[in-house]
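Keep in mind the model is a prediction, meaning the values are calculated, not measured.
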Amino acid sequence: MQAPSVGGVRLPKGRGETVKLARGASLTDFADKINANPASLVQVLFHLGEMVTSTQSVSDEILELLGTEMNYNVQVVSPEEEDRELLDSFSISYGEDAGGEEDLVVRPPVVTVMGHVDHGKTRLLDTIRKANVMGGEAGGITQHIGAYQVVSELEGYERPITFIDTPGHEAFTAMRARGAKSTDIAVIVVAADDGVMPQTVEAINHAQAANVPVVVAVNKIDKEGANPDKIRQQLTEYNLVAEEYGGDTMFVEISAKENINIDALLEAILLTADAALDLRANPDMEAQGVAIEAHLDRGRGPVATVLVQRGTLRVGDSIVAGDASGRVRRMFDEHGEDITEAYPSRPVAVIGFTSVPGAGDTFLVVDEDRVARQIADRRRARERNAELAGRRKRVSLEDLDEALKETNELNLIIKGDNSGTVEALEDALMKIEVGDEVQLRVIHRGVGGITEGDVNLAIADNVIVLGFNVRAEGKATELANREGVEIRYYSVIYQAIDEIEQALKGLLKPEFEEVQLGRAEVRQVFRSSRFGSIAGCLVMDGLIRRNAKARLLRDSVVVAENLTVASLRRVKDDVVEVREGFECGLTLGNFNDVKDGDVIETYELREKPRA
């Protein structure tokens, strides 16, 4: 049979065979599969109106277009299938319990707490584990995923329960969905005085899509206007029928604030787990699980909170999570205490990764560091190719002139204090709809402070840099100011979404702008019974002014916002301001958590002319 000819180029003709290619594959990869010359595929696409080089990562659409032209059925392999093939090449099976039925032992249930904003999820977990998380959240909104284990008693036996805390704001849909996938039971928190809200419905949908049993915690029953029966009635519309109404969903009326019926809720979780689930795992195999959260710590390096799903994780194990690898140098629990082994359903923080894993990445233990590095390197290359293919716009011969014109795009670099937050912020921003005239593009995202590399990338691509709960490092700020790169800082996700949406719509009319006054480094902290913590500082640049707004930075991460320089002294004299190069003593009102090496940034809000 004669080979087909496209534009005079002879090619081997397919017979409808299926060709599997990874996301972001190049024409060379395609040519290898069908024993063709890559240069000939380049010519074919040129005649079809697409300009592509042989080694360039190309989009799924181009691969399918070429396959159709040559009578091949091109299938772009899903990330999951691609990862499964990668692990198979190393003879590693993920997601299965090694051994037989006799090797399985009972493991604690993993519980996700979900619900609407301000319905009391964080307060509930706060009450359960007797630790204040909510006080450290900007605006009272939980913005990270955390995992904790508590012990309850059922029928005279102590039973541990693992809780995953997912943020309640709608922008964290991606994180919350992932939390539901790694959980056994979902606790839906509904305020008895408020009722079922949109995010309540969203949380129920995530739980039902993940096919996990649901326990409903009707919170705030101590408040005036509480109506638990109304909640039961409303939730019947979403296939959550209370046991009292003949259904199989347990409803528990609680007050997280007053510590009412918390034990009953824990008992309901255990009863649901026993009745609906067979929670067993093999602790004797090499550990596998999921990274709940990860961040970059200046002193410890990458720190990942992982949930062990099967096997036992031990200090010294070679581990790989997503495209990050390493050796477990240290593990500690939610109380900061070191542990040497983590059994199934145990959440632990792991130190020893060479880079920061992504939130939701699967992790597994392998035989040696070399294998972990090879798996991580291949995953990293795969992700890079897929990203390049997705980022590169298709340019045809017909619209080449249009493509060369200046496009109306807003380019962003997103840096945050942990990977889950960065992913959630990017997900929320990409959902902003402003029509086809304006496009939003995230060209880079990462964890940690804003570096010179980020600013240099922003210079090259005309980009705005977003810092979420992180700040720019010293030289990066100077470079950004010198080159005119705009860096915006946020600590609450609402504000970031609103401002970017206004910028995209051309409706951004800020009334005030933040003007930095100066930065001072804390050299020594003095404790006073009368004034609290007095920070002995050296003014590094600008000036420090009494009554000015201030924020406290520790390792380039914002520790406290909305502070005020309450008092300012130079030697023994009260002064209005202290300039660069001089020492001073200052207090930040009632805020006393100041340590040596902290940086105090002062600023003022000035009215800005409307655009």
Side-chain angles (χ1 to χ4, degrees), residues 109-137 139-148 150 152 161-170 172 176 179-180 183 185-208 212-245 247 249-273:
V110 179
V111 179
T112 299
V113 179
M114 299 190 288
H116 193 72
V117 171
D118 199 32
H119 276 200
K121 300 177 301 301
T122 305
R123 171 77 73 168
L124 172 59
L125 279 164
D126 183 35
T127 304
I128 290 173
R129 66 180 183 271
K130 304 294 189 293
N132 188 3
V133 171
M134 191 166 59
E137 299 287 358
I141 307 168
T142 308
Q143 307 202 27
H144 309 151
I145 288 183
Y148 319 88
V150 299
S152 180
I161 304 172
T162 298
F163 283 92
I164 296 178
D165 179 17
T166 58
H169 180 256
E170 62 184 358
F172 291 92
R176 191 158 59 244
T183 195
I185 296 173
V187 172
I188 307 294
V189 179
V190 189
D193 63 334
D194 198 4
V196 176
M197 303 296 283
Q199 286 169 354
T200 313
V201 177
E202 186 185 353
I204 293 169
N205 291 339
H206 283 314
Q208 291 177 340
V212 297
V214 171
V215 174
V216 178
V218 184
N219 194 20
K220 303 186 181 182
I221 60 170
D222 57 307
K223 294 188 68 173
E224 187 176 346
N227 188 354
D229 290 334
K230 176 186 172 186
I231 305 300
R232 287 180 170 82
Q233 187 175 356
Q234 286 179 333
L235 288 178
T236 55
E237 300 174 18
Y238 305 99
N239 297 321
L240 295 180
V241 182
E243 291 180 327
E244 305 92 287
Y245 295 169
T249 303
M250 295 189 73
F251 280 67
V252 184
E253 297 176 13
I254 65 167
S255 170
K257 185 176 181 181
E258 302 296 332
N259 199 5
I260 299 173
N261 271 353
I262 302 301
D263 289 340
L265 176 61
L266 298 179
E267 184 177 323
I269 290 170
L270 293 172
L271 289 172
T272 301

Next item on the list: List the steps, then state whether side-chain contact (heavy atoms from CB on, under 4.5 Å) holds for V215 with V111.
Entry: CA-CA 10 Å; V215 174; V111 179; over 6 Å; no
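- For M197 against D194, the heavy-atom pair with the smallest separation is SD-OD1, 3.9 Å.
- Expressed to the nearest 0.5 Å, how far CD1 of I188 lies from OG1 of T112 amounts to 9.0 Å.
- Not a single donor-acceptor pair under 3.5 Å links the side chain of T183 to the backbone N or O of A186.
- Heavy atoms from other residues, nucleotides or ligands lying under 6.0 Å from CD of Q233 number 12 at most.
- At least one donor-acceptor pair under 3.5 Å links the side chain of Q208 to the backbone N or O of Y238.
- Rounding to the nearest 0.5 angstrom, the gap separating the CD1 atom in I161 from the CG atom in L265 is 8.0 Å.
- E244 contributes atom CD, which lies 10.0 Å from atom OG1 of T249 (distance to the nearest 0.5 angstrom).
- Going from atom CD1 of I128 over to atom CG of L266 covers 5.0 Å, rounded to the nearest 0.5 Å.
- A heavy-atom distance below 4.5 Å is not found between the side chains of D263 and S152.
- Going from atom CG of L124 over to atom NZ of K220 covers 11.5 Å, rounded to the nearest 0.5 Å.
- Annotation: the span from T272 atom OG1 to E267 atom CD amounts to 10.5 Å, rounded to 0.5 Å.
- Scanning both residues, I221 and P228, for their nearest heavy atoms gives CG2-CG, 4.2 Å.
- The minimum heavy-atom distance between N261 and E253, with the atom names listed, is ND2-O, 2.7 Å.
- When the options T200, L240, V218, N219 are evaluated for a side chain to side chain contact (heavy atoms under 4.5 Å, CB included) with V190, the one that passes is T200.
- Of all heavy-atom pairs spanning V187 and A217, the tightest one is CG1-CB, 4.0 Å.
- Taking both residues in full, the closest heavy atoms of A192 and I231 are given as CA-CG1, 4.2 Å, listed atom of the first, atom of the second, then distance.
- Residues A268 and V252 approach most closely at CB-CG2, 3.7 Å, considering heavy atoms.
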